[in-house]
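A short write-up of the structure that comes next.
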Protein chains: 2
Amino acid sequence: MIDDGWVPDRMCVTVDLVIFTILDGALSALIVERGIPPYAGTWALPGGFVGRHEPLEDAARRELREETGLGAEELHLEQLGAFGDPERDPRDRVVTVAYLALAPDLPLPTAGTDARAARWMAIDSIVSGQLALAFDHRKILRHGLDRARSKLEYTSLASAFCGKEFTITELRNVYEVVWNTKLDPRNFHRKITRAPGFLEPTGRRTTRDGGRPAELYRRGDASLLHPPMLMPTGS
Amino acid sequence: MIDDGWVPDRMCVTVDLVIFTILDGALSALIVERGIPPYAGTWALPGGFVGRHEPLEDAARRELREETGLGAEELHLEQLGAFGDPERDPRDRVVTVAYLALAPDLPLPTAGTDARAARWMAIDSIVSGQLALAFDHRKILRHGLDRARSKLEYTSLASAFCGKEFTITELRNVYEVVWNTKLDPRNFHRKITRAPGFLEPTGRRTTRDGGRPAELYRRGDASLLHPPMLMPTGS
DNA sequence: AGACCTAATCGTCAGGTTGACATGAAGACT
DNA sequence: AGTCTTCATGTCAACCTGACGATTAGGTCT
């Protein structure tokens, strides 16, 4: 397939980022307003072209920095997969590699070089179609949401939404917001404190949630959650 | 990033396939002997370039057909993700999208157009490094293995290794081979028969495994396994 | 200060699930 | 007929889960 003069097609490769955080009790995604065609003026996931000699994940971090001003060094990026529908970009064939990250509260994004603006947006508005995103970015975001939901089940990833130190209630709020359910505070407390390696007590306390002071915890060193925290079923 | 004359880099995109089956009690992967440089004469995962207007999954099925002669129509392909290390192809920048599939017994592969030969190979020889694969294909296979292992836990995918009709013992063998563990036949039987939608009784029986005749089952319509079948822990 | 509010933590208890192991059942082989 | 092999069903204690009650430790209001 090479010696007979046939030459493989070349195409553009991009990275796109699904960055979630929790803002005012709503699961929100980072989006940017596109400053250039196609879809100029439309909101989209942050992302951009991969350089010829650039590793995919490096490109993802670079775009995050360039387009949003977020210091992405400590963010854990997880690859969601490749999206390569031939029709997904009107100009030309573009294959994109999507990444997922969960960010703790508050890093306020600012527009960077290529984007007019950057902001957090509640994902409900996007999933419901109320706010349209460019390209197939709604589909990508939907994938990211599914991935995040299931990762909470069997990994300790939920704490990535929290700050350095957090209470069990704050952690429970993460589950409730991402899963869109209510969880019993007492059963959650029991389960999470018994999971080996999830939490590390700091000895300190806080009253920021009101009521009786709550213990503050740090992330433990376990990345897997065993036994898993199963999402409540309808049945 | 476009109007100022800058043009994005273009690169080659390929698909690679991790196809597992169980052969003589060993988890095995489909590999082909490369007929062209680079790595001519070396074994590799089946795969090839994606056409300019070709969807990624179509390319995967096409390559599977071309290189191995396997009729891939009924195989369920699951995307593993993109692998894009700039050094992974010695000639040029090539980003590959990997797919995973589980095949039932016996489809004997034959060499196709681009490959000199195709065969099943026990994955132990590959993972241990005894048999070297081209490019980063060992890493990709390793990812496929991890994915398959964890998918057995919470999906009904194990039956994809079996024929149309199978016994519970055959299904248990799948778990034992993929997980490389022994499972208690009685507890496994109890759990799998209680999982809603996993099995559908045919009413027929077989004695092909010796001993008392075993009930034959078909795949049920459930794709998720609830509650999950957790891989036994060391602890 | 004392009553009241809020939320965190600790208990209780019934029902389900799991892991370990015993027992009976159905055909093949000698 | 007896034995062997594997399938199928049963038992039981330990653990986990879901649904709540009860207690505790701070704020806040009067």
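Per chain, numbering begins at 1; letters A, B, ... match sequence-line order.
Distance, B:Arg190 CZ to C:dT17 P: 10 Å, rounded to whole Å. Straight-line distance from the CE atom of B:Met229 to the C1' atom of C:dG19: 13 Å, rounded to whole Å. Computed from coordinates, the B:Asp184 CG to C:dT17 P distance equals 18 Å when rounded to whole Å. With rounding to whole Å, B:Phe188 atom CZ is found 17 Å from C:dA20 atom C1'. As rounded to whole Å, 8 Å separates atom P of C:dA22 from atom CZ of B:Arg186.
Atom-to-atom distance recorded for A:Leu141:CG and A:Asp16:CG is 11.0 Å, nearest 0.5 angstrom. In this structure, CE on B:Met231 lies 9.5 Å from OG on B:Ser150, to the nearest 0.5 angstrom. A:Leu224 contributes atom CG, which lies 11.0 Å from atom CZ of A:Phe198 (distance to the nearest 0.5 angstrom).
Within residues 191-222 of chain B, the residues that have a heavy atom under 4.0 Å from DNA chain D are, in order of number, B:Asp209, B:Gly210, B:Gly211, B:Arg212, B:Pro213, B:Ala214, B:Glu215.
B:Thr21 places a side-chain N or O within donor-acceptor distance of the main-chain N or O of B:Pro104, the cut-off being under 3.5 Å. Panel note: side chain B:Tyr175, backbone B:Leu152; a donor-acceptor pair is recorded below 3.5 Å.
For DNA chain D, the span of nucleotides reached by chain A at under 4.0 Å from its heavy atoms goes, 5' to 3', from D:dT17 to D:dG26.
Residue B:Thr169 is the one, among B:Thr169 and A:Pro227, whose nearest nucleotide of DNA chain D lies closer to the 5' end (criterion: closest heavy atom). Where A:Asn187 and A:Arg172 each meet DNA chain C at their nearest nucleotide, the meeting point lying more 5' is that of A:Arg172.
Evaluated for a side-chain contact (heavy atoms from CB on, under 4.5 Å) with A:Ile140, the options A:Leu17, A:Leu100, A:Val18 yield exactly one hit, A:Val18.
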- Message: Using the rule given for side chain to side chain donor-acceptor pair (under 3.5 Å), can you reason through B:Asp209 versus B:Thr169, listing the C-alpha separation, both sets of side-chain angles and the distance that settles it, and then say yes or no?
- Response: CA-CA 8 Å; B:Asp209 300 322; B:Thr169 295; 5.2 Å; no

- Stepwise, does the side-chain contact (heavy atoms from CB on, under 4.5 Å) test hold for B:His143 with B:Asp136? CA-CA 11 Å; B:His143 270 256; B:Asp136 54 356; over 6 Å; no

